[in-house]
Amino acid sequence: MVVRHKTYQRRSQFLVFFVITLIVATMFARLGYLMVFRADYYGVRAKELHERERKIKAERGLILDRNGKLLAGNQSVSTISVIHSQIKEPEKIIEVLSRELGIEEDTIRKKVEKVSLREKIKSNVDKETSDRIRNCKLAGVTVDEDYKRDYPYSSLASKVIGFTGADNQGIIGLEVTYEKYLKGIDGSILTMTTAHGTEIENGAEERVEPVAGSTLITSLDLTVMEYADQVANTLLEKKKAKSVEIIVMNPDNGEIYAMANAPEFNLNQPYELIGEDESLSEKEKTNKRNAMWRNECVSDTYEPGSTFKILTAAAALEMGAVKMTDTFHCPGYKMVEDRKIRCHKTTGHGSETFLQGIMNSCNPVFMEVGARLGVDNFFKEIQEFGVLARTGIDVPGEAAAIMHKKENVGAVELATMSFGQSFQLSPIRLLTCAASIINGGKSITPHFGVSIKSSDGKNIRKLSYDSGNEVVSKKTSDLVREALGKVVSEGTGKNAGVEGYAVGAKTGTSQKLPRGNGKYIASTIGFAPVENPKVIALVSRKGCIMAER
């Protein structure tokens, strides 16, 4: 029995020794694995625990006009923050920041006393103020470099250029379209800290420099922009219009020299409502801001009226449905099925050729031409012109055409469509179609972006756009151009004439919906010189009391 007991005891001791040895061996194996095979991973984790990263904002890329004039730049500002674990004189910090930043002491106290890694006090602090705060050398207060977008011409082309938000990211316009080029790459400062998060005095510091955003060169021309803005605001005031839109473009390549949407808003204070009413709810204010930022030249549609006769004339000439010498008779109206559709000249134009019908902007002539074309050919041609597609302009929010379905178009609808009513287009869509017809007959894409350059001026890429497809023949283009030249020299568009220049133009008027409210949309498309157009423009004003031809 004694022998058995001793044998059992030895076995138990051996088993315990074996288990302990196995545990120790496993621990050493695990430790070895961690030290050898996972050393890099845990080294990084340890470093992360003892580092605090602070971002250095990248300078946003510039936006320039075609001649290098600055349209959007940057101001050096700072972001003021507090780090709770490093604060030594909380009352002094509260007093200084309240005084310098113009913030109530109670507001700052809550942030100073909050136990968190970092609390932002205020961003977009001007350099002079941030320098004063930095010179106070307050433990726990950080002054980080930052940039604030600056627009030197305030409201000029505001709905085209757009603006940035609190994070310096594009919100609307070119600022958002070209965000990936403009935004740059943020840098960082890595500071060594204790396990409690306190920065180690004289500790090593790693700095990764930011990369500035690229520069956007646009087709905009500051001189043309300022003139368009002046004209738009003059029309807004004198004609008591609700809004005025102006687009000035190169008809050969689609480069836009100016786009005005009056009234504009202040890009440096984009959230400040025009004529703000304190009684408005937050939802109403948001809706009003969205309307204020809306680019009507691109995002709104309207009945083009007689300006659309440029397209109807080109379609009919291209299809051989009419010649300039064909004769028509206008008694002041035309019966279409059971509808009496009037001409703007209610006494009628009498006998006239198609050329004279264009010069007189005669509705009965265009209704007859539309009937000759027929529904299928009419839709075939407007599709060729691009009417049913968006232009692809490089700003967001482009509206599509509001058009009848072909199968729903009867004689009455075809008649009204032929002179530009009962459907809607955006101003940029209409102007682009007109440009393609008078430039020799080739398609273009309207655009603002021309090229991208690095912050030090090196070329990165030249921007390209679809163009060159035949819209109409050169012969048709020549005929339409000559006819529109006569509209100005001899017809209804005499007011568009400019001494010393051969100008072509077509005016148009349509009623604002609902019809019968006495409000009109008056618009004009003009170009020069007639022989070889270098510029084409559209001017539209909404909410006019008096109609114009």
Side-chain angles (χ1 to χ4, degrees), residues 60-75 77 124 126 147-166 168-179 182 216 218-249 256-277 280 285-300 393-397 427-428 448-449 537-543:
R60 193 168 174 84
L62 308 178
I63 300 178
L64 307 178
D65 87 335
R66 65 188 307 109
N67 300 308
K69 300 288 181 63
L70 184 67
L71 301 178
N74 304 289
Q75 283 184 359
V77 293
N124 293 332
D126 63 83
Y147 292 97
K148 177 185 177 183
R149 207 57 162 157
D150 178 61
Y151 302 95
Y153 298 97
S154 185
S155 62
L156 190 66
S158 60
K159 300 175 185 182
V160 171
I161 296 171
F163 61 93
T164 60
N168 227 16
Q169 185 176 14
I171 302 292
I172 66 169
L174 296 174
E175 289 279 27
V176 69
T177 299
Y178 292 98
E179 171 69 16
L182 295 168
L216 171 65
T218 70
S219 60
L220 292 165
D221 187 301
L222 182 59
T223 301
V224 181
M225 291 166 66
E226 289 178 324
Y227 184 73
D229 186 69
Q230 180 184 347
V231 171
N233 283 292
T234 299
L235 289 174
L236 194 71
E237 182 180 350
K238 288 189 175 180
K239 298 296 182 179
K240 307 299 180 186
K242 181 182 177 182
S243 66
V244 177
E245 294 79 48
I246 297 177
I247 310 171
V248 185
M249 185 168 69
I256 298 174
Y257 299 134
M259 182 179 282
N261 291 269
E264 302 272 6
F265 65 92
N266 186 347
L267 285 169
N268 292 309
Q269 295 177 311
Y271 293 92
E272 186 177 287
L273 289 170
I274 301 170
E276 184 171 355
D277 184 350
L280 294 176
K285 287 179 180 179
T286 298
N287 291 338
K288 197 169 181 181
R289 285 190 187 99
N290 288 334
M292 181 177 74
W293 298 336
R294 189 178 180 85
N295 185 339
E296 293 91 340
C297 289
V298 174
S299 301
D300 282 6
I393 189 171
D394 54 343
V395 287
I428 190 61
F448 298 97
L538 180 147
V539 179
S540 171
R541 60 181 191 270
K542 299 175 183 175

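Keep in mind that the numbers below use all heavy atoms, side chains included, and drop hydrogens, waters and symmetry copies.
Evaluation of the ring pair (Phe, Tyr, Trp, His ring centres under 6.0 Å) rule for Tyr227 yields no partner, not counting sequence neighbours. Legend: residues meeting side-chain contact (heavy atoms from CB on, under 4.5 Å) with Ala228, ordered by chain and number and at least two apart, are Ile246, Ala258, Ala260. Under the side chain to side chain donor-acceptor pair (under 3.5 Å) criterion, Ser243 pairs with Glu245, sequence neighbours left out. Partners of Glu272 according to the side-chain contact (heavy atoms from CB on, under 4.5 Å) rule, which considers only residues two or more places apart in sequence or in another chain, are Gln269. With sequence neighbours left out, Asp300 forms a salt bridge (charged side-chain N to carboxylate O under 4.0 Å, His left out) with Arg294, Lys542. Residues satisfying the salt bridge (charged side-chain N to carboxylate O under 4.0 Å, His left out) criterion with Glu296, sequence neighbours excluded, are Lys159. Listed by chain and residue number, nothing satisfies the salt bridge (charged side-chain N to carboxylate O under 4.0 Å, His left out) test with Glu264 (two or more places apart in sequence, or in another chain). Looking at residues two or more places apart in sequence or on another chain, you find a side chain to side chain donor-acceptor pair (under 3.5 Å) between Tyr151 and Glu175. Evaluation of the salt bridge (charged side-chain N to carboxylate O under 4.0 Å, His left out) rule for Arg289 yields no partner, not counting sequence neighbours. Remark: Asn287 engages Lys283 in a side-chain contact (heavy atoms from CB on, under 4.5 Å) (not counting sequence neighbours). In terms of the side chain to side chain donor-acceptor pair (under 3.5 Å) criterion, Asp65 has no residue partners (sequence neighbours excluded).
Using a 4.5 Å heavy-atom cutoff, the side chains of Val160 and Ile256 are not in contact. Residues Asn295 and Met259 meet the side-chain proximity criterion, which asks for heavy atoms closer than 4.5 Å. You'll find the side chain of Trp293 reaches within 4.5 Å of the side chain of Tyr271, heavy atoms only. With a 4.5 Å cut-off on side-chain heavy atoms, Met225 and Leu71 count as touching. For the pair Thr177/Pro396, a side-chain contact is recorded, criterion being any heavy-atom separation below 4.5 Å from C-beta on. Inter-residue side-chain proximity for Val395 and Leu174 is flagged as met; some heavy-atom pair is nearer than 4.5 Å. Between Asn74 and Lys148, every side-chain heavy-atom pair lies at or beyond the 4.5 Å cut-off.
Taking a 6.0 Å sphere around NZ of Lys69, one finds it holds 12 or fewer heavy atoms contributed by other residues, nucleotides or ligands. When the shell of 6.0 Å around CD of Gln75 is examined, it contains more than 12 heavy atoms from other residues, nucleotides or ligands.
Residues Leu267 and Leu156 approach most closely at CD1-O, 4.3 Å, considering heavy atoms. For the residue pair Asn124 and Tyr147, the shortest heavy atom distance occurs at OD1-O, 4.3 Å. Nearest approach of Arg149 to Asn168, heavy atoms of both residues: N-OD1, 4.0 Å. Taking each heavy atom of Ile161 and Ala72 in turn, the nearest pair found is CG2-CB, 4.4 Å. Nearest heavy-atom pair, Ile247 versus Cys297, reported as atom, atom and distance to 0.1 Å: CG1-SG, 3.7 Å.
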Practice task
For side-chain contact (heavy atoms from CB on, under 4.5 Å), just list the numbers for Asp150 and Asn268, CA-CA rounded to whole Å, side-chain angles, deciding distance to a tenth of an Å, and then say yes or no.
Solution key: CA-CA 6 Å; Asp150 178 61; Asn268 292 309; 3.9 Å; yes
Exercise for the section: Applying side-chain contact (heavy atoms from CB on, under 4.5 Å), run through Leu235 and Val539 and close with a yes or a no. Expected result: CA-CA 10 Å; Leu235 289 174; Val539 179; 3.8 Å; yes
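Pairs of residues two or more places apart, or lying in two chains, never qualify as salt bridge (charged side-chain N to carboxylate O under 4.0 Å, His left out) while including a residue from residues 218-234.
Test Leu222, Leu62, Ile63 against Leu70 for side-chain contact (heavy atoms from CB on, under 4.5 Å) and you get one pass: Leu62.
If you look at Tyr178 and Phe448, their ring centroids are not closer than 6.0 Å.
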